[in-house]
2 protein chains.
Amino acid sequence: MPVPLYQAKAEFFRMLGHPVRIRVLELLQDGPMPVRELLANIEVERSNLSQQLAVLRRSGIVTSAREADTVVYSLAGPDVAELLGAARRILTELIAGQQGLLDELRATQPVGAPTRGR
Amino acid sequence: MPVPLYQAKAEFFRMLGHPVRIRVLELLQDGPMPVRELLANIEVERSNLSQQLAVLRRSGIVTSAREADTVVYSLAGPDVAELLGAARRILTELIAGQQGLLDELRATQPVGAPTRGR
DNA sequence: GCAGCAATTGAAGAAATCTTCAATTCGTGA
DNA sequence: TCACGAATTGAAGATTTCTTCAATTGCTGC
């Protein structure tokens, strides 16, 4: 396994690590969408959206095309839905786990107090 | 859809956005592993690894347990492999796409030069 | 108790990312 | 050609994350 692969993977995930970028990818799952419409669906100012779109474009996960006076964005490939799905499953799992932990904490009323919960 | 979900998803991906953390997760896919062994497999100094393990622990994607004089880490759930797999597929796709683009660029010797490739 | 190894923690400076603003590009229609 | 709206860009300051160091905790064996 070549060494810099971990670097590429990490960069890829970092590219996904922003709420606006996530929303864009989710919106694009239903098909191509002009910037105007993205802007209407996401609470962010135009220039900030542009910055985030630029990040996505640079990574290659989306493509853009000009159509008359608007710019339309699309997903570059089909596997994005799968990725977001897997992420959602893990998140659900993690949140469920934390919920379980909370329940546990609520149920256990310590006397001597273990005082080591981190 | 509740609004702060995008926040949670973004944080999740940001948590994955570091080469050492990716390597740890990949190594843990084959089963629990003591820190000592992680350290032997990843080129990073002990205290930096600890910092990254702390990030993973805080997010809940791994758990740790002390066994005598060593600490053993495990994946908290089963879906991690799926996520990393999906990520690998997209990465492969993206790199292939960039390769295709490169080929295209090499093949097309512009005369008037479009000068707008970004 | 104390020495010794394993692992974690806290803190500080360095490096990367975010947000925001003004300036610019691109196309359309007057 | 000029003005206009849509979208992008570059740059600066603020915020966040990384790396590294010294100090600390936890366990084992003497």
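The sequence lines fix the lettering, A, B, ..., with proteins before strands; numbering per chain opens at 1. From a predicted model like this one, the values you see are computed outputs, not experimental measurements. Worth knowing before you read on, the calculation uses all heavy atoms, side chains too, and leaves out hydrogens, waters and symmetry mates.
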With a 4.5 Å cut-off on side-chain heavy atoms, are [Y] and [X] touching?
X: R21(A); Y: F13(B); result: no
X: M15(A); Y: I61(A); result: yes
X: L49(A); Y: V20(A); result: yes

TODO: Quick one: which residue pairs count as a salt bridge (Lys or Arg N to Asp or Glu O under 4.0 Å) with a foot in residues 33-52 of chain A, not counting sequence neighbours?
DONE: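 Listed by first then second residue: nothing to list.
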
Integer-rounded Å distance: [N] [atom2] and [X] [atom1]:
X: L56(A); N: dT8(D); atom1: CG; atom2: P; result: 11 Å
X: E11(B); N: dT17(D); atom1: CD; atom2: C1'; result: 13 Å
X: Y73(B); N: dA7(C); atom1: OH; atom2: P; result: 9 Å
X: L39(A); N: dG5(D); atom1: CG; atom2: P; result: 15 Å
X: R58(A); N: dT8(D); atom1: CZ; atom2: C1'; result: 11 Å
X: R36(B); N: dT28(D); atom1: CZ; atom2: P; result: 14 Å
X: R21(A); N: dT17(C); atom1: CZ; atom2: P; result: 9 Å
X: L16(A); N: dT17(C); atom1: CG; atom2: C1'; result: 15 Å

Look for any protein N or O under 3.5 Å of an N or O in nucleotides 19-22 of chain D and output each such pair with its distance, or none.
| from | atom 1 | to | atom 2 | distance (Å) |
| --- | --- | --- | --- | --- |
| dT19(D) | OP2 | H18(B) | NE2 | 2.7 |
| dT20(D) | O4 | Q51(B) | NE2 | 3.1 |
| dC21(D) | N4 | S47(B) | OG | 2.6 |

Open item on the list: Tell me whether the side-chain N/O atoms of R57(A) come closer than 4.0 Å to OP1 or OP2 in dA7(D).
Closed with: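 Checking dA7(D) against R57(A), no side-chain N or O comes under 4.0 Å of OP1 or OP2.
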
Task: Short side-chain N/O contact from R46(B) to OP1 or OP2 of dT8(C), under 4.0 Å - done: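 Checking R46(B) against dT8(C): no side-chain N or O falls below 4.0 Å of OP1 or OP2.
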
Open item on the list: Quick check for you: to the nearest 0.5 Å, what is the distance between N48(A) atom CG and L53(A) atom CG?
Closed with: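 Taking CG in N48(A) and CG in L53(A), the distance rounds to 10.0 Å.
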
Open item on the list: I need the I90(A) CD1 to L16(B) CG distance, nearest 0.5 Å.
Closed with: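 Answer for the CD1-CG pair, I90(A) versus L16(B), is 7.5 Å.
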
Task: Near-strand residues of residues 65-72 of chain B, defined as heavy-atom separation under 4.0 angstrom from DNA chain D - done: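 Nucleic-acid contacts, sorted: R66(B), A68(B).
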
- [ ] Just jot down the side-chain hydrogen bond (donor to acceptor under 3.5 Å, both in side chains) partners of Q51(B), sequence neighbours excluded, or say none.
- [x]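 With sequence neighbours excluded, Q51(B) shows a side-chain hydrogen bond (donor to acceptor under 3.5 Å, both in side chains) to no residue whatsoever.
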
- [ ] Apply side-chain hydrogen bond (donor to acceptor under 3.5 Å, both in side chains) to E11(B) and list each qualifying residue two or more places apart in sequence or on a separate chain.
- [x]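 side-chain hydrogen bond (donor to acceptor under 3.5 Å, both in side chains) check on E11(B) returns nothing, list empty.
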
Could you tabulate the donor-acceptor pairs under 3.5 Å formed by side-chain atoms of residues 73-86 of chain B, not counting sequence neighbours?
| from | atom 1 | to | atom 2 | distance (Å) |
| --- | --- | --- | --- | --- |
| Y73(B) | OH | R57(B) | NE | 3.1 |
| Y73(B) | OH | R57(B) | NH2 | 3.4 |
| E82(B) | OE2 | R89(A) | NE | 3.3 |
| E82(B) | OE2 | R89(A) | NH2 | 2.3 |

